[in-house]
There are 2 protein chains.
Amino acid sequence: MAVTTERAPREPAGKGAETRAAILERAVDLASVEGLEGLTIGRLATQLGMSKSGLFAHFGSKRELQLATVGAAAQRFWVAVIEPALSAEEGLPRLRALAHSSLAYLDNGTFSGGCFWAATSAEYDDRPGPVRDAISAGLDTWLGELARQAKIAGSAEPDRFAFELYAIASGANSRFRLSGERAVFGYARAAIDRLLGELPR
Amino acid sequence: MAVTTERAPREPAGKGAETRAAILERAVDLASVEGLEGLTIGRLATQLGMSKSGLFAHFGSKRELQLATVGAAAQRFWVAVIEPALSAEEGLPRLRALAHSSLAYLDNGTFSGGCFWAATSAEYDDRPGPVRDAISAGLDTWLGELARQAKIAGSAEPDRFAFELYAIASGANSRFRLSGERAVFGYARAAIDRLLGELPR
DNA sequence: CCTACCGATCGGTAGG
DNA sequence: CCTACCGATCGGTAGG
């Protein structure tokens with residue numbers, strides 16, 4: 001019973017699914033530059049060499065396109081940041097690996113327009129609705145994982161710890177994006193090392 | 001000679017200047033919610049009960065409206081954050097006052113849509129041009145002042161220090177804006193106190 | 001500061 | 001997946 005309640009994917013497989021995946025890859029990059037509002041169907045279609053209505057048919061509404069784009073960005077974040085850290089033992093080693101890979105992901109241009117999550121969360125924090133909820137859930141997952149690892153590592157205040165790690169990384173992203181100075185990543189690494197040094201050993 | 005090179009204000013004084021000031025107050029709030037792209041002339045005019053073209057005439061282009069809005073936001077930041085801290089002695093006391101007033105300004109809704117600077121810097125970091133330059137200059141001034149006070153307070157790395165203060169405050173803003181949890185301001189205050197405690201006394 | 005208008009682009013639809 | 005089209009809204013202009 002439970003299985004049958006799963007929503008069937010709009011695109012089962014084959015060419016349609018490939019096209020959809022290609023659209024979403026572009027959509028994530030475009031949204032990281034222009035935002036999820038600036039992600040217009042016409043511009044996206046032009047970049048992909050297809051018609052507006054052809055692209056539109058894959059999603060049915062702009063909102064569905066935006067939600068699918070948030071999902072694709074979550075996948076990319078997982079591959080770039082979470083997965084590489086999974087080989088490290090839970091607790092302090094995992095935390096160190098996550099902090100490293102998240103800074104690397106900001107530095108090396110995983111998203112062409114800087115961090116998708118930083119851009120879209122600032123854009124949507126005042127726009128209630130399912131798109132905002134999806135972005136918020138993605139960030140909550142990230143902070144929750146940081147807090148979980150901090151707790152395993154023995155932190156007495158895992159939520160505060162997660163907040164500080166998050167703040168340092170997102171601060172480095174926004175400063176780097178505006179000033180272009182890579183020095184901020186050095187500052188961020190120093191701050192993270194000091195923070196990790198607070199944990200019991 | 002030097003005085004005459006100053007650019008004459010577009011609106012000298014009187015009723016025109018008052019209208020312009022009222023427009024910009026609204027524009028700052030609207031932009032803190034919708035962004036500086038979402039700040040459309042039509043919507044702003046409707047909110048103020050005036051015609052699009054009447055409002056438009058005050059600025060001549062959307063870009064000029066955006067630049068004037070950034071200037072008005074800088075004024076509001078100055079009044080809310082910098083000015084209240086000026087009574088504190090330079091160095092550690094000033095730094096403590098600035099950190100306090102900046103967190104208070106995020107918590108008490110100085111801008112109706114959360115921090116104008118956080119919202120617009122994320123929006124414009126990939127949009128080269130004078131608007132981006134104005135936002136960037138405003139943030140550079142803020143970080144520069146933090147670094148200047150950190151240096152006076154005896155920090156060996158004032159730029160790193162300023163970065164960390166900035167990151168904590170901006171992280172608190174973005175987490176509060178998305179999650180609504182005031183606990184982040186407590187985390188931020190703890191982090192700032194720890195940071196200020198690093199300074200020589 | 002207004003009415004009346006412009007070309008371009010938006011999300012979305014009809015019909016194939 | 002396409003062409004052809006829709007009503008609404010965008011920034012901006014003409015003329016007063």
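Within every chain, numbering begins at 1; the chains are lettered A, B, ... in the order of the sequence lines, protein sequences first and strands thereafter.
Searching all strands for a Watson-Crick or G-U wobble partner of C:dG12 with both distances below 3.5 Å returns D:dC5.
Using a 4.5 Å heavy-atom cutoff, the side chains of B:Glu25 and B:Arg76 are in contact.
Across the protein-nucleic acid pair, A:Met50 atom CE and D:dC1 atom P stand 4 Å apart, rounded to whole Å. Look at NZ on A:Lys62: it is 15 Å from P on C:dT9, rounded to the nearest Å. Atom CZ of B:Arg43 is separated from atom P of C:dC10 by 16 Å (rounded to the nearest Å). Between the CD1 atom of A:Ile41 and the P atom of C:dC10 there is a distance of 9 Å, given to the nearest Å. Nucleotide C:dG12 holds its C1' atom 14 Å from the CD atom of A:Glu64, rounded to whole Å. Atom CG in B:Leu44 sits roughly 14 Å away from atom P in D:dG12 (whole-Å rounding). Rounded to whole Å, the distance from CG on B:Leu65 to C1' on D:dC10 is 14 Å. In this structure, A:Gln66 atom CD and C:dC10 atom P are separated by 14 Å, rounded to whole Å.
Annotation: A:Phe77 is not in aromatic contact with A:Phe116 [ring centroid separation under 6.0 Å not met].
For the atom pair B:Trp142 CH2 and B:Leu165 CG, the distance stands at 8.0 Å (nearest 0.5 Å).
Position along DNA chain D of the nearest nucleotide to A:Lys52 versus A:Leu55 favours A:Leu55 as the more 5'-ward residue.
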Verdict with supporting geometry, A:Phe111 and A:Tyr105, ring-ring contact (aromatic ring centres under 6.0 Å, His included): CA-CA 8 Å; A:Phe111 297 111; A:Tyr105 135 97; 5.6 Å; yes
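Dashed line: the shortest gap from a side-chain N or O of A:Ser51 to OP1 or OP2 of D:dC1 is not under 4.0 Å. Residue A:Ser53 places none of its side-chain N or O atoms closer than 4.0 Å to OP1 or OP2 of D:dC2. Within the 4.0 Å cut-off from OP1 or OP2 of D:dC1, at least one side-chain nitrogen or oxygen of A:Thr19 is found.
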